[in-house]
Amino acid sequence: MKSEEIMDICMRRGFLFPSAEIYRGVAGLWDYGPLGTRMKNSWENLWRKHFLSLSPNFHEISTTNILPREVFEASGHLESFNDALAECSSCHSRFKADQLIEENLKISSEGMNLEEINKAIKDNNLNCPQCGGDLSAKFFNLMFRLELGAGESIKEAYLRPETAQGAYLAFKRSFKTLRNKLPLGLAIIGKAFRNEISPRQGFYRLREFHQAELQIFFDPDKVNEHEDFESVKDKKLRIYSIEDRGKNIREVKCKDLDLPKFYLYYMVKIQDFYLETLKLPREMFRFRELDEKEKAFYNKIHWDFELNIESLGGFKEMGGIHYRTDHDLSGHQKLSKENLMINVDGKKFIPHVLELSFGGDRNLWALLDLGYEKEERTVLKLPKNVAPYYCAVFPLMKKEELIKKAKEVYKLLSNEFSIMYDDTGSIGKRYRRQDEIGTPYCITIDYDTLDDDTVTLRDRDSMEQERVRIDKIIEILNEKV
RNA sequence: GCGGCUGUAGUGUAGUGGUUAGCACUUGGGCCUUCCAAGCCUACGACCCGGGUUCGAAUCCCGGCAGCCGCACCA
């Protein structure tokens, strides 16, 4: 219900559209329209500002979407993203081949190739559990496979399923370039691709999506320290651990949690991003601990951070904080034969990685959901710093002298803020239009303005109005952000 | 991918074999209007795609695509 209402605004007002819509679209592919793009850019910029400022040695890089096969061999994605599924020739149900073989034949299918799996199925007369039909196995990989070049010289490559690998590949040179200092943070804001079998839930699971990830490389001997830990030790984190399942979220002081300090510090900074930078309601946020089954194969410690999204039925993952150890760098060192060890003060080691990973698209959806309000009016109470427009300027009526003045004010402000101008329809209608796309402030020019250079400043959330001088507006708006 | 339900302007809908495919809101233009979706005039705009049945299909049948629900999948 709410999900459709938000999607309605998104399509009608230009936040999101189905990609290739005139060809009926494709599940899991979405375009950002003009307003959505503004919002996405703002969110990404806030993210940059918040996370890159945590250390002078945190830097953003931009790496390719296409990477050669070896990268994912080393990372483990080729293997663990690659499931052999047995498909029934009559009812087309699919089953995991390894499970089927293990359960029925009590042998492990590990290491079997497709031929061997199919032979095992055939020799043992394994039939479809659903209808009894014939089964044949095929590999389904969640990564998009590409062929680079042509003819004999084709190189096998994949679209990256996470931005992270780019940072690991760039680590060695970045570390040198940045003069051999740890911790080193490499952030990548970009796209990732997963060939989801059936993307559902509208905008939540996509085939092409945005990630904002920060890979922090550090000395594993120092995992239980952080130079600024003192400043966060008494901060309360909202946690939902494995033991808390079925119970309530707890607020626990950072220093009382049994997690490495280096990890805790960044949990606090992530929580701050949501509660302080975006100013979301505290009760909508939590960290959720993943159990062994849910954890990604490369993670030693893995908590997700979640927001309570009504349109998606409750708390949903916005990202994760992953202690990946040296899984990736060691894997790349082994396969590439490149030495990825570093030497810090005479100590040689492969650094460990703490990954802060955010799903861009679902974060935006969350903001739309949390902001959406429909009572006597429809209003998107977006955080002011991510709203597509910060302010709109109107002449009270469509009269030449008011329009002229309004355009002057528009021009004055457009250098400072993301701003829009509108002079069609009644003033009330124009306010409502801005409410619907979340514009925090509207400025109206009336006949008094022509006499005394004051305007009406109207607040999106309270609908209250105040009279302010034009030469003070920039200052006043800046204070309100 | 399987099963069930669904698909008419941007949105919500009317239309169940022959309609110039109707209505409301939205949007563009105009009039009016001194602060919260007012009113008046006017314009734009749709049968998801393909095939079949039929003299004739938005309507019936088949396939595709998309959406919703359930199953499976979700590193």
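Throughout, a chain's letter reflects where its sequence line sits, starting with A, and its residues are numbered from 1.
- A distance below 6.0 Å separates the ring centres of A/Phe358 and A/Phe51.
- Taking only distance into account, the side chain of A/Tyr23 never meets the base of B/C49 through a donor-acceptor pair shorter than 3.5 Å.
- A donor and an acceptor atom never sit less than 3.5 Å apart when one is taken from the side chain of A/Arg377 and the other from the base of B/C36.
- Residue A/Glu196 places no side-chain atom within donor-acceptor reach of the base of B/C73, judged by atom type and a 3.5 Å distance cut-off alone.
- Here B/A66 presents its C1' atom at 17 Å from CZ of A/Phe203, a figure rounded to the nearest Å.
- Between the side chain of A/Asp8 and the main chain of A/Glu4, no donor-acceptor pair closer than 3.5 Å is present.
- A straight line from CG of A/Leu206 to P of B/C73 spans 20 Å, rounded to a whole angstrom.
- With both ends at atom P, the span from B/C65 to B/A58 equals 23 Å, rounded to whole Å.
- Rounded to whole Å, atom C1' of B/G12 lies 14 Å from atom CE of A/Met11.
- Comparing the same atom, P, in B/C25 and in B/G64 gives a spacing of 40 Å after rounding to whole Å.
- Along RNA chain B, the nucleotide nearest A/Tyr298 and the nucleotide nearest A/Asp446 are compared for position; the residue whose nucleotide lies closer to the 5' end is A/Asp446.
- Each of A/Asp422, A/Thr444, A/Asp435 was scored for a side chain to side chain contact (heavy atoms under 4.5 Å, CB included) with A/Arg430, with one residue passing: A/Asp422.
- For the P atoms, the distance from B/G15 to B/C60 is 13 Å, rounded to whole Å.
- Atom P of B/G7 sits at a distance of 12 Å from the matching atom of B/C61, rounded to the whole Å.
- To the nearest angstrom, P of B/C36 lies 12 Å from CZ of A/Arg430.
- Rounded to whole Å, the separation between the C1' atoms of B/C44 and B/G10 comes to 12 Å.
- Looking at A/Glu196, its side chain never comes within 3.5 Å of a backbone N or O of A/Arg207 through a donor-acceptor pair.
- Between the side chain of A/Arg160 and the main chain of A/Thr64, a donor-acceptor pair closer than 3.5 Å is present.
- Look at CG on A/Asp423: it is 13 Å from C1' on B/G28, rounded to the nearest Å.
- The same atom, P, is picked in B/G45 and in B/A21; the two are 14 Å apart, to the nearest Å.
- Atom CZ in A/Arg12 sits about 14 Å away from atom P in B/C25, given to the nearest Å.
- Across every strand in view, B/A58 sits unpaired, with no contact that passes the Watson-Crick or G-U test at under 3.5 angstrom.
- Between the side chain of A/Arg433 and the base of B/C36 there is no donor-acceptor pair of N/O atoms closer than 3.5 Å.
- For B/C68 and B/G18, the P atoms lie 33 Å apart once the distance is rounded to whole Å.
- For B/C48 and B/G67, the C1' atoms lie 11 Å apart once the distance is rounded to whole Å.
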